[in-house]
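Below you'll find the structure, written out as structure tokens, and then a few comments.
Residue numbering restarts at 1 for every chain, and letters A, B, ... go by the order of the sequence lines. Below, each value reflects all heavy atoms present in this structure, side chains not excepted, and no hydrogens, waters or symmetry copies. In this text the structure is predicted, and so the values were computed from the model without any measurement.
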Protein chains: 2
Amino acid sequence: MANLDRLFNALSDPTRRAILQDLRRGPATAGALGAAHPMALPSFMKHLGVLERAGLIETEKQGRTRSCRLAPGALVPVSAWLADQRLLWEERTERLAAFVENHEERR
Amino acid sequence: MANLDRLFNALSDPTRRAILQDLRRGPATAGALGAAHPMALPSFMKHLGVLERAGLIETEKQGRTRSCRLAPGALVPVSAWLADQRLLWEERTERLAAFVENHEERR
DNA sequence: GATAAACTGAGCCAGACGGCTAAATGTCTT
DNA sequence: AAGACATTTAGCCGTCTGGCTCAGTTTATC
């Protein structure tokens with residue numbers, strides 16, 4: 001799914017994950033968020049853009065400031081993909097672990 | 001965490017997620033895996049490299065073929081990060097949802 | 001021992017990324 | 001009306017990415 005591409009990609013950057021952390025304290029303006037990160041504002045705004053295009057945050061221009069907040073349910077597709085993976089993945093690797101253990105046992 | 005960078009980045013590409021899907025059927029050689037994807041083999045091998053550096057798969061040269069398999073527990077850090085997020089994220093957005101609902105109610 | 005198979009390595013290319021600065025825009029505040 | 005403030009736009013830069021081809025290298029197979 002193309003949306004998963006954008007989600008995983010947005011999450012692959014430490015600055016962007018930090019922004020999500022910050023926003024858990026509640027909504028904040030772009031500038032206030034950016035002050036915590038050691039880069040020029042235009043660079044920082046790009047990260048906000050990536051997060052918004054991925055659907056992870058929602059922003060709204062209010063007067064001369066832009067307010068940002070976490071987007072409800074944005075992580076659901078990620079969570080769903082992960083759950084689906086673990087279904088067969090861990091089951092399989094548990095079988096593998098069992099096999100290895102068995103194998104070790106008889107050497 | 002630097003490892004999360006590599007994990008999320010590896011997962012942000014549809015070809016790479018497809019490879020993980022394929023490997024749930026069990027280990028396979030690089031060539032066999034690549035046959036299912038419409039690109040030249042060297043290009044495909046790069047994807048395997050990304051997955052391996054992220055710790056998502058393990059590979060081993062056997063004779064002239066390279067065998068690939070899912071790495072046990074590789075998704076645990078992702079899963080943990082996600083669980084941590086949902087802890088405050090969904091809690092917050094549920095409060096938000098409740099607030100919105102309340103607000104709607106009184107219009 | 002020659003030939004085929006299965007990678008592997010080198011190197012090219014266009015475009016995306018993550019940073020920057022400098023200037024422009026729109027919105028308060030006085 | 002002027003000045004300060006909070007972005008926003010534009011454009012530059014070096015690196016990384018994801019694709020390609022072409023030429024090795026190593027290992028079966030006949």
Side-chain angles (χ1 to χ4, degrees), chain A residues 1-23 25-71, chain B residues 1-23 25-71:
Chain A
M1 209 194 303
N3 196 35
L4 273 183
D5 288 17
R6 278 192 294 270
L7 278 169
F8 279 126
N9 180 59
L11 296 175
S12 73
D13 182 279
T15 296
R16 290 194 287 263
R17 288 198 304 277
I19 294 173
L20 297 181
Q21 291 281 2
D22 294 350
L23 282 178
R25 299 204 124 76
T29 68
L33 278 173
H37 300 277
M39 64 180 69
L41 197 62
S43 310
F44 183 77
M45 301 298 284
K46 283 194 193 178
H47 287 296
L48 289 183
V50 172
L51 288 171
E52 186 166 24
R53 275 191 297 282
L56 284 162
I57 69 174
E58 291 160 357
T59 79
E60 192 183 354
K61 194 75 183 264
Q62 290 171 348
R64 64 182 159 177
T65 74
R66 175 169 296 272
S67 149
C68 312
R69 61 184 178 285
L70 294 176
Chain B
M1 207 194 304
N3 195 34
L4 273 183
D5 288 16
R6 278 192 294 272
L7 278 168
F8 279 126
N9 180 58
L11 296 175
S12 73
D13 183 280
T15 296
R16 291 193 287 262
R17 288 198 305 278
I19 293 175
L20 296 181
Q21 291 282 1
D22 294 350
L23 281 178
R25 300 205 124 76
T29 68
L33 278 172
H37 299 277
M39 63 180 68
L41 197 63
S43 310
F44 183 77
M45 300 300 284
K46 283 195 192 177
H47 287 296
L48 289 183
V50 171
L51 288 170
E52 186 166 24
R53 275 192 297 282
L56 285 162
I57 69 173
E58 290 161 355
T59 78
E60 194 183 352
K61 195 77 185 261
Q62 291 172 347
R64 65 182 159 176
T65 73
R66 174 170 295 271
S67 147
C68 313
R69 61 185 177 284
L70 295 176

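Between B:S67 and A:N9, the residue anchored closer to the 5' end of DNA chain C is B:S67, taking for each the nucleotide with the nearest heavy atom.
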Item to check | Check against side chain to side chain contact (heavy atoms under 4.5 Å, CB included), B:L11 and B:L20 | outcome: CA-CA 9 Å; B:L11 296 175; B:L20 296 181; 3.6 Å; yes

Item to check | side chain to side chain contact (heavy atoms under 4.5 Å, CB included) between A:L51 and A:T59, worked out | outcome: CA-CA 10 Å; A:L51 288 171; A:T59 79; over 6 Å; no

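In this model, a side-chain donor or acceptor of A:R64 finds a partner on the base of D:dC5 within 3.5 Å.
Contacts between residues 31-45 of chain B and DNA chain D, defined by a heavy-atom separation below 4.0 Å, involve B:M39, B:A40, B:P42, B:S43, listed by number.
Close to D:dT26, at under 4.0 Å from its OP1 or OP2, lies no side-chain N or O of B:K61. Contact annotation: A:K46 does not reach the phosphate of C:dC20 (side-chain N/O to OP1 or OP2, under 4.0 Å). Not one side-chain nitrogen or oxygen of A:H47 sits closer than 4.0 Å to the OP1 or OP2 atom of C:dC17.
Atom P of nucleotide D:dT8 and atom CD of A:E60 are separated by 13 Å, given to the nearest angstrom. We find that CG of A:L48 is positioned 13 Å from P of D:dT9, with the value rounded to whole Å. When the C1' atom of C:dG18 is taken as reference, atom CZ of A:R53 falls 13 Å away, rounded to whole Å.
Taking each heavy atom of B:S12 and B:R17 in turn, the nearest pair found is C-NH1, 3.7 Å.
Atom NE2 of A:H37 is separated from atom OG of A:S43 by 12.5 Å, given to the nearest 0.5 angstrom. Note: A:C68 SG to A:E60 CD = 10.5 Å, rounded to the nearest 0.5 Å.
By the 4.5 Å heavy-atom criterion applied to side chains, B:L48 and B:R66 are not counted as neighbours.
In this structure, of C:dC17, C:dC7, D:dT7, it is D:dT7 that holds the atom nearest to the side chain of A:T29.
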